[in-house]
Amino acid sequence: MATGAASQLAAPAGVGVLRGPLLWVTIAIAVGITAAGVFFGPRLPRRWPRRAAATRFGDFTVPIGLAVIGSGLAGLRGPAPAAGAIGTGAIGTGVAATSAIVVVTLAWAATGVLVATVLVPVAAGWPGLGAVGGAWFLAPAALLADATGTAAVASKVAGEGPALGWLAVVVAGMGAVGYLMVLGLAIARFAAHGLSGAPLSPWWVAAGCGGLSAAVLGRVSAVGPGGQAAATLREFGWAALVFWAAGSVVAVFVLAGSARYVARLRRLAGRPPWPPTFSTGVYALGAAQVGRLLGVPWIARFAGVAAAATLGLRALTLVLHFPRVTGRLFRRNRPAQASSDDRCQPIGEAR
């Protein structure tokens, strides 16, 4: 996901030539991780212990990643998109268009499976506020990513462009409302329990999801009802601003916790931290869309700065963690034991 976001940020960062290569690197990483897990990963036990649905929100990274790749494939051909309108450029028929449609369809299928196996059980057997964590934001993020992918391929499905445009707008709205709902749960959880007992790194998604909401609202405005009508775009722009502002407020607290963790870090040890590159990337894309829709120059310039910073962060992350990650992927271990949660290296200390 992070490399895919970096690919879509190449143009506003001023290095549009990297867009295609980074997309292919994204696809290679996705295929490589899948192949390594199948052929070189740890042997699974015969009876895999069942995990509670409330701990499986991290699985939503699968449809998000697929939607990111599908959106990238949809923008491979045609005129170079303007900054803030990335992923919506038209492409002709052919392998790229067909692949984009197939990948976005797979993203929808994966989202449907996870809604049935994660969201429905959680809603039916509410685990309590103490179970709410940053990874929960990945559920609305999956809907937002699906809306982006749908908008990107809307013009590639013969005769179905208007219908898919409507679908993209409706799903984007559902994802945005879902973000606000999870944000409300997170605030209630913090008021009742603080952050104790929850992995802290996934809270980056809380900030990034606000930017993702803004980015998706901007993208679907080009294919949804109303088309390019100035009034319609303005309404989408104000809605995008609200979500980007919410993500900005959350980002302040997450950045403070991350800075505190980095200041105390002496060396890289244990499981690598969850890289925040995807979250910072979609936050930058959201800024680009807000600047485009509302015509605010300083927000558009800020998006370029955030895009460049995200590309630099992604490069640093790869340099620091690529040897460790690849070594663990290709090392045979004993049968894996299912964890009780999706813990990763924290960005700070829970209190």
Side-chain angles (χ1 to χ4, degrees), residues 1-2 4-6 8-9 11-13 64 67-68 71 81-88 134 137-152 165 168-184 186 203-224 226 228 232-255 276-307 309-310:
M1 295 191 307
Q8 298 191 31
L9 286 168
I64 296 173
V68 168
S71 299
I86 306 166
T88 60
F137 286 91
L138 290 169
L143 292 175
L144 293 166
D146 289 340
T148 301
T150 302
V169 172
V170 171
V171 176
M174 292 172 60
V177 172
Y179 170 67
L180 294 178
M181 292 175 62
V182 178
L183 183 61
W203 288 103
W204 268 105
V205 186
C209 198
L212 179 60
S213 300
V216 174
L217 288 172
R219 290 182 177 181
V220 300
S221 68
V223 298
Q228 296 293 336
T232 302
L233 293 180
R234 200 76 177 175
E235 292 172 359
F236 274 104
W238 285 113
L241 178 62
V242 169
F243 285 96
W244 183 69
S248 300
V249 172
V250 176
V252 171
F253 295 96
V254 178
L255 281 169
T277 314
F278 180 74
S279 295
T280 58
V282 293
Y283 177 80
L285 290 173
Q289 290 290 0
V290 171
R292 178 181 70 87
L293 292 172
L294 296 181
V296 182
W298 74 265
I299 296 182
R301 289 193 294 269
F302 176 80
V305 174
T310 297

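Keep in mind it's a predicted model, so treat the numbers as computed, not measured. When a residue number appears, it is its place in the shown sequence, counting from 1.
Contact annotation: the side chain of F278 never approaches that of V205 to less than 4.5 Å [non-hydrogen atoms, C-beta and beyond]. Here the side chains of V296 and V290 are not in contact, with every heavy-atom distance at 4.5 Å or above. Between V220 and F236, some side-chain heavy-atom pair lies under the 4.5 Å cut-off. Within the 4.5 Å cutoff, side-chain heavy atoms of L255 are placed close to those of W204.
When every heavy atom of A307 is checked against every heavy atom of A284, the shortest pair comes out as N-CB, 3.9 Å. Heavy-atom minimum distance, S221 versus R292: OG-NH2, 3.7 Å. Of all non-hydrogen atoms in V250 and A207, the two that sit nearest each other are CG1-N, 3.7 Å.
A distance of 5.0 Å separates CD1 in I299 from CH2 in W244, rounded to the nearest 0.5 Å. One finds the CG atom of L212 at 7.5 Å from the CD1 atom of I64 (value rounded to the nearest 0.5 Å). L217 CG to L293 CG: the interatomic distance, rounded to the nearest 0.5 Å, is 9.0 Å.
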Q: Could you give me the CA-CA distance, side-chain angles and deciding distance for L294 and L241, then say whether side chain to side chain contact (heavy atoms under 4.5 Å, CB included) is met?
A: CA-CA 9 Å; L294 296 181; L241 178 62; 3.9 Å; yes

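Ring geometry for F137 versus Y179: interplanar angle of 30 to 60°, hence tilted.
Partners of S213 by side-chain hydrogen bond (donor to acceptor under 3.5 Å, both in side chains), not counting sequence neighbours: none found.
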